[in-house]
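All values reported here derive from a predicted model rather than from experimental measurement.
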Amino acid sequence: IRGVIPEIDVISDLNITDEFDHLRLHPDIHHVFFPFDWRKFEPVPKKQDTVKLIIGHAPTNRLAKGSDIIIPIIEKLAQEYPIELLLIEKMSYEQALRQKARCDIFVDQIGDLGYGINSLEALAMEIPVCSCLAPGFAEKYPHHPFIVVDARNLRHKLIELIGDKKKRQKVGIAGRKWVQEHHDARKIVRRIHELAGIA
């Protein structure tokens, strides 16, 4: 919100951010991934083919998440495909996690915000995640597991996932591995030590 604060900038020896878009705000800042305890999450059981697929969306802030676009698209798909929309909001964290564990597909957000903790929780459960990514993120990290969506392609990307069980499983497994490899807190601390020259 405030940009680079000169008084802090002049005394800092190392600048680190877990917000990828902050790289555009400073000429000498390093990106590290958000530390996340993936060990608290188990892969969700896979459902029988005869059961409706559940597509989850957890809008802490509907405006910021693009929920006004996401929700109608999923509701319309529910009229055409054996799916249902699960809105996860206005409940405790524990309740929200239990609801998220019911999902077969998770839609985080659309826009330029990139993915957040909602995505990390779903990925750790081996649930395929649809989300926007911050500009430049996919170029720097091309092997990410996200189904990249925006207002124009969300419907098409969801139809692909709905109709392809093997793809859902493959993307889900890749997502949990991504969280383990990139968001593990111990690896992030080691990376910060490397950047600081104290490894």
Side-chain angles (χ1 to χ4, degrees), residues 16-23 29-46 53-67 70-71 74 85-150 154 157-158 161 167-192:
I16 296 169
T17 181
D18 63 8
E19 299 283 355
F20 189 81
D21 59 336
H22 288 181
L23 297 178
I29 193 167
H30 303 270
H31 176 251
V32 297
F33 288 93
F34 182 85
F36 179 79
D37 190 358
W38 56 269
R39 293 169 183 83
K40 291 182 178 178
F41 299 85
E42 294 292 333
V44 296
K46 303 302 180 271
L53 295 179
I54 295 177
I55 300 180
H57 177 56
T60 45
N61 180 327
R62 287 193 176 205
L63 184 62
K65 295 275 187 178
S67 302
I70 293 168
I71 293 171
I74 300 174
L85 168 64
L86 176 60
L87 275 175
I88 304 168
E89 59 182 345
K90 297 176 183 172
M91 60 184 70
S92 71
Y93 179 64
E94 291 75 19
Q95 289 173 317
L97 286 183
R98 284 196 295 271
Q99 293 300 306
K100 194 173 290 181
R102 296 176 55 209
C103 297
D104 300 284
I105 300 168
F106 187 78
V107 180
D108 190 352
Q109 54 196 7
I110 54 177
D112 289 332
L113 293 175
Y115 68 95
I117 295 174
N118 259 321
S119 284
L120 295 179
E121 291 167 349
L123 291 174
M125 296 180 191
E126 289 190 0
I127 300 167
V129 172
C130 301
S131 183
C132 66
L133 295 177
F137 185 92
E139 288 74 25
K140 185 169 178 62
Y141 303 107
H143 302 297
H144 68 80
F146 297 95
I147 306 296
V148 182
V149 294
D150 55 32
L154 177 59
K157 295 285 188 178
L158 285 175
L161 284 174
K167 181 173 183 177
R168 292 197 306 272
Q169 291 175 340
K170 181 179 177 183
V171 171
I173 291 168
R176 184 170 170 86
K177 286 182 179 175
W178 166 269
V179 175
Q180 292 171 353
E181 290 175 10
H182 295 279
H183 286 275
D184 184 90
R186 290 172 294 191
K187 292 182 180 179
I188 291 163
V189 170
R190 284 197 290 268
R191 176 61 181 150
I192 292 171

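Of the inter-residue distances, the one linking D104 atom CG with L86 atom CG reads 10.0 Å to the nearest 0.5 angstrom. How far CD1 of I74 is from OG of S67: 9.0 Å, rounded to the nearest 0.5 Å. To the nearest 0.5 Å, atom NE2 of residue H30 and atom CD1 of residue I192 are 11.5 Å apart. Considering SG of C130 and CG of D150, their distance stands at 11.5 Å, rounded to 0.5 Å. The CG atom of D108 sits 8.0 Å away from the NE2 atom of H57 when rounded to the nearest 0.5 Å. Here F33 contributes atom CZ and E181 contributes atom CD; the two are 10.5 Å apart, rounded to the nearest 0.5 Å.
Across all non-hydrogen atoms, the minimal contact from H22 to I29 is O-CG2, 3.9 Å. Of all non-hydrogen atoms in M125 and A101, the two that sit nearest each other are SD-CA, 3.8 Å. The two residues K100 and A122 make their nearest non-hydrogen contact at CD-N, 4.0 Å. Considering all non-hydrogen atoms of both residues, F146 and S131 come closest at CD2-CB, 4.4 Å. Minimum heavy-atom separation, H144 to V148: CE1-CG2, 3.5 Å.
Distance alone, capped at 3.5 Å, places no donor-acceptor pair between the D18 side chain and the V32 backbone.
Around the NZ atom of K167, the shell of radius 6.0 Å holds more than 12 heavy atoms that belong to other residues, nucleotides or ligands.
The closest side-chain heavy-atom distance from I16 to R191 is not below 4.5 Å. When side chains are defined from C-beta on, L158 counts as touching V107, because their heavy atoms get closer than 4.5 Å. Between L87 and P59, the closest side-chain pair of non-hydrogen atoms falls below 4.5 Å.
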Inset, instruction - Mind running side-chain contact (heavy atoms from CB on, under 4.5 Å) on F20 and K140 for me, showing each step along the way? - result: CA-CA 10 Å; F20 189 81; K140 185 169 178 62; 3.6 Å; yes
Pairs under 3.5 angstrom only: tabulate donor-acceptor contacts from the side chains of residues 170-179 to other protein residues two or more places apart or in another chain.
from	atom 1	to	atom 2	distance (Å)
R176	NH1	F41	O	2.9
R176	NH1	A124	O	2.6
R176	NH2	F41	O	3.4

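If you look at Y115 and H183, their ring centroids are closer than 6.0 Å.
Defined by atom type and a distance below 3.5 Å, a donor-acceptor pair is missing between the side-chain atoms of Q95 and R98.
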